[in-house]
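The next block holds one structure in the form of structure tokens; read it before the comments.
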Amino acid sequence: METDKTVKLEFAVQMTCSSCVQAVRGALEGTPGVQAVQIDLAGEQVLVESSLTSREVQDVIERTGRRAVLKGVGGREQDLGVAVAMLSGGGVVQGVVRFLQLSEGRCLVDGTIDGLKPGPHGLHVHELGDLTRGCLSCGDHFNPHGKVHGAPEDSERHVGDLGNVLAGADGRASFRLEDTQLKVWDVIGRSLVVDSGEDDLGRGGHPLSSVTGNSGDRLACGIIARSSGLFQNPKQMCACDGVTIWEERDRPVAGKGRKTTANL
Ligand code: ZN
């Protein structure tokens, strides 16, 4: 059985000199959870093998004073599928969540959601990729086997049941989950929804516990779309003329100015 949760994260990082490379390498190699670092100065590319979330690795790089943009995620072997959902709703909650199929039975879900109330929030894949009435038209939790709502580790659960993500005091939830039931190819074209409250994982005793986990209102949602894996992002990434990717970086993950239809 595979238990290694390491994945490869590809970042574009503004670097102009070999001392920049040393600074970035030093910061990454001194961080627990980082297994390997490859840096290409000419290509301004940093490849990190890590068990940390993409946001955590990005923060380590950016603490050296350089901007970093996540370009791709990949498994250790071939990628079986990669997808991304850009979450937004009527309010301040927005986020980016990536799905990476590591093997037939392992789907990694890596994301950052901003603007949440501190505490746990239910996260679910819903049946429909329909946002015509906002998150209300996403349908029910994705449940192809007709099961009862549950916890991610339960066998009796909706396939879309990803449990809770935890927002810190700053309102940000940065997470990496691994799921055994979700398959990237089954959820592309569906939607991902984050809720206002905690998912009771079917154990709350409320009439909605066995249906939704009684996790409150749908705060933000996004359609799950196919995305690029490692080295498949066609965007130019040179700091000298590669405006596109740095513009992408300057759009905040949450709040005004963030386009949910951004081409990732
Ligand atoms: Zn459910």
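For ligands, and for the atoms within them, numbers begin at 1 and follow the listed sequence.
- The Zn ion (ligand 1) has an N, O or S atom of H141 closer than 2.8 Å.
- Checking side-chain atoms of S215 against main-chain N and O of D195 turns up no donor-acceptor pair under 3.5 Å.
- The Zn ion (ligand 1) has no N, O or S atom of D140 under 2.8 Å away, backbone or side chain.
- Counting just the N/O/S atoms of H158, the one with the shortest distance to the Zn ion (ligand 1) is named ND1.
- Side-chain N/O atoms of D199 and H124 include a donor and acceptor closer than 3.5 Å.
- Among heteroatoms of the N, O or S kind in D161, OD1 lies nearest the Zn ion (ligand 1).
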Salt bridge (Lys or Arg N to Asp or Glu O under 4.0 Å) between D154 and R203, intermediate numbers included: CA-CA 12 Å; D154 294 343; R203 293 147 171 85; 3.0 Å; yes
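- At distances below 3.5 Å, not a single donor-acceptor pair connects side-chain atoms of D40 with backbone N or O atoms of E44.
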Worked verdict on H141 versus H149 for ring-ring contact (aromatic ring centres under 6.0 Å, His included): CA-CA 8 Å; H141 294 179; H149 179 82; 5.0 Å; yes
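- The Zn ion (ligand 1) sits nearest to atom ND1 when only the N, O or S atoms of H149 are considered.
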